[in-house]
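Just so it is clear, the structure is predicted and the values come from calculations on it, not from any experiment. So that the names make sense, note that chain A is the first sequence line, chain B the second, and so on, each numbered from 1.
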Amino acid sequence: MSNDQREEQLIAQALQGNRDAFGDLYEFHLDDVYRYILYRVSSTADAEDLTEQVFLKVWESLHTFRQEAPFKVWLFRFARNTVIDHYRTSKNAEFATDISSTASDELPEDMVRAQETTARLMRLITKLSSLQQDVIILRFANGYNAAETAQILDKDVGTIRVLQHRALKTLQAFMVAEDVVNE
Amino acid sequence: MSDQFMDESEIFADRVDSLEASGSTAEQYGGITPEMQELLLTTQTIRKTFTATPSATYKAQSRVQLISKLKPLPAERLAFFPALSRKIGTFFVISRPSPFRLAWVLLIVLVVFVLLGGGTAYAADSAVPGEPLYGLDRSLEDIQAQLTKDPKAIVTLNLEFADERLIEAQGLAEGEGTGDFQDALSDYVDTIDRVIETIGTSAIADSDHLSRILDDAIVVHDVKLLRLAVDDGSEEDDEAAVSRYCGGSEVHPVAQSMAEQYDVDSGLIMNWFCGSDQAPGLGLGQIMLALRKQDRLGQNGPSAQEMLRRRAEGEGWGRIWQDLGLLGKKNAADMPERAGPKGEKKSNGDDGLPGDNSSPGDESGPPDHANSRSNRVTSQDDGPPGLVNSKDKTESSGDSGSQGRSGK
């Protein structure tokens with residue numbers, strides 16, 4: 001059974017009220033949603049809290065999922081709205097980089113350097129517009145292609161490509177100014 | 001956006017796509033400008049370093065925790081007529097009607113379908129204020145609401161109706177129908193009022209849980225209300241919309257509508273919405289709820305400012321109303337009560353502008369929206385917004401709903 005078929009089956013079971021099936025669906029998408037939220041809010045604790053909120057909202061709205069778009073697109077729209085709401089309701093919050101765990105096979109030294117680069121890059125990415133941040137994170141942290149990113153953000157692919165280019169150019173300028181070098 | 005810029009973006013996007021497809025590195029990629037190579041390297045760095053996953057502990061515990069928090073699903077949906085069937089379906093599944101009531105509803109539904117045809121009833125469900133079928137839609141909702149007895153089912157049902165009111169308001173904002181945008185918002189808050197009344201008359205043990213459901217829903221409604229003014233065709237997102245309205249003197253249409261409906265200065269509403277260094281901003285749904293409550297309670301109740309201050313501090317609506325004695329029993333005080341003609345709204349010193357540290361009578365205030373406030377709102381606040389007049393402040397429990405604003 002393909003991942004898509006399995007996902008479809010889990011959604012159908014969850015719609016019948018099967019909480020375990022929804023738990024499987026959660027595990028299936030947890031890493032992806034968590035990663036997106038983490039790099040948008042820069043705090044492990046907030047990312048964990050918001051990830052849970054996303055899935056609770058998805059559970060309550062599952063009956064409205066019409067399969068017009070892939071489930072992950074629908075799911076990420078919830079994730080994005082949750083992040084937007086988080087920022088809107090805590091807009092005076094200080095930026096805090098708190099990444100306590102990264103999965104990596106690298107050696108400890110490399111890991112430390114990578115974490116430093118990550119923290120500095122995260123700080124710079126937060127200087128981009130919200131939409132540009134979404135594009136950069138969805139494209140390069142989550143690995144979604146331009147078409148998938150366009151669906152999640154409800155834009156056309158051309159817009160995503162332009163946003164991606166603009167965002168990277170701006171980010172590059174920030175990196176030069178703050179002496180952050182590419183790994 | 002120039003063609004040249006578009007071309008450059010397209011070329012770069014093609015290079016990124018090729019790099020992804022080939023699995024090669026930016027260093028290996030030839031035939032491109034050094035600037036483009038640098039950008040490709042940046043994408044590579046992000047891919048390489050942005051690889052976080054949840055901690056093992058979180059993974060191990062979160063699934064169980066999530067499942068324990070899943071609420072019962074809304075009623076089963078019939079395949080036909082999505083929203084209309086929701087109304088009927090919820091009644092059948094949740095309210096467990098008596099055979100007599102069941103037969104009565106079936107008869108009504110049958111008559112509606114026979115007389116108007118299923119298509120008409122379906123069309124009614126998507127009608128907006130000002131359209132002929134809107135009345136039918138509301139009547140069907142009323143029938144269902146009146147026949148639903150379980151407080152939680154009533155709350156869930158009315159929150160679904162409130163969602164529909166916001167969709168209708170969005171339709172009107174986008175030019176559908178001939179109805180008034182303000183009427184749609186008024187219908188929305190009427191529906192929320194029914195939720196509050198239900199919570200108010202339910203047992204104390206239930207009211208806390210029901211209040212949390214309402215708190216969560218209002219947070220979602222906050223975002224929807226904000227979006228009523230966001231043009232989908234633009235690149236502007238919700239954060240940008242907030243920045244636009246909070247960075248200048250432009251008044252959000254929903255704030256304008258509330259100002260007219262409740263006879264409150266739009267600048268005051270925008271200051272509640274935008275917040276300040278001393279007080280976080282609050283969603284339009286929260287503000288609407290506070291204004292409605294103030295309007296309903298008249299001079300017997302607290303001001304919207306006081307309720308919003310407590311909400312901004314993280315207290316849930318349930319806790320706030322409980323302290324006001326509005327929960328757990330029928331409340332005569334909660335019946336509509338107009339405190340005199342419009343324009344004579346009380347000015348008890350609680351109406352100071354958030355972020356306004358000015359002296360009494362100082363109308364200079366903060367820039368932007370504060371400048372638009374009228375003399376009708378008399379500020380007597382000396383301190384930071386929301387931190388004054390906290391005479392009724394009680395120890396805050398964990399009843400903060402999902403707002404989490406003050407904790408950030």
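- Counting heavy-atom pairs closer than 4.5 Å to chain A, the top-ranked of the candidates Leu66(B), Ile46(B), Thr42(B), Leu70(B) is Leu70(B).
- The distance from the OG1 atom of Thr64(A) to the CD atom of Glu160(B) is 10.5 Å, given to the nearest 0.5 Å.
- Using a 4.5 Å heavy-atom threshold, the side chains of Arg120(A) and Thr49(B) count as separate.
- Under the salt bridge (Lys or Arg N to Asp or Glu O under 4.0 Å) criterion, Glu38(B) pairs with no residue, sequence neighbours left out.
- Between Leu39(B) and His165(A), the closest side-chain pair of non-hydrogen atoms falls below 4.5 Å.
- Salt-bridge formation is detected for the pair Glu52(A)/Lys69(B): a Lys NZ or Arg NE/NH1/NH2 atom is positioned less than 4.0 Å from an Asp or Glu carboxylate oxygen.
- Considering only heavy atoms from C-beta on, Arg161(A) stays 4.5 Å or farther from Phe12(B) through its side chain.
- Looking at heavy atoms from C-beta onward, Glu27(A) lies out of side-chain contact with Lys59(B) at the 4.5 angstrom threshold.
- Classification of Lys57(A) and Asp216(B) as a salt-bridged pair fails, no side-chain N sitting under 4.0 Å from a carboxylate O.
- For the pair Ser55(B) and Glu48(A), the minimum side-chain heavy-atom distance is below 4.5 Å.
- Each of Leu226(B), Val220(B), Val223(B) was checked for a side chain to side chain contact (heavy atoms under 4.5 Å, CB included) with Asp85(A), and the lone residue meeting it is Val223(B).
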Exercise. Mind running side chain to side chain donor-acceptor pair (under 3.5 Å) on Tyr58(B) and Thr44(A) for me, showing each step along the way?
Key: CA-CA 10 Å; Tyr58(B) 177 76; Thr44(A) 308; over 6 Å; no
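- In this structure, Ser68(B) has no side chain to side chain contact (heavy atoms under 4.5 Å, CB included) partners at least two apart in sequence or on a different chain.
- Proximity to chain B (any heavy atom under 4.5 Å) is restricted, for Leu171(A), to the side chain, taken from C-beta onward.
- With hydrogens and angles ignored, the 3.5 Å screen pairs a side-chain donor or acceptor of Arg35(A) with a backbone N or O of Ala52(B).
- Taking 4.5 Å as the limit, every side-chain heavy atom of Ile67(B) sits out of range of all side-chain heavy atoms of Tyr26(A).
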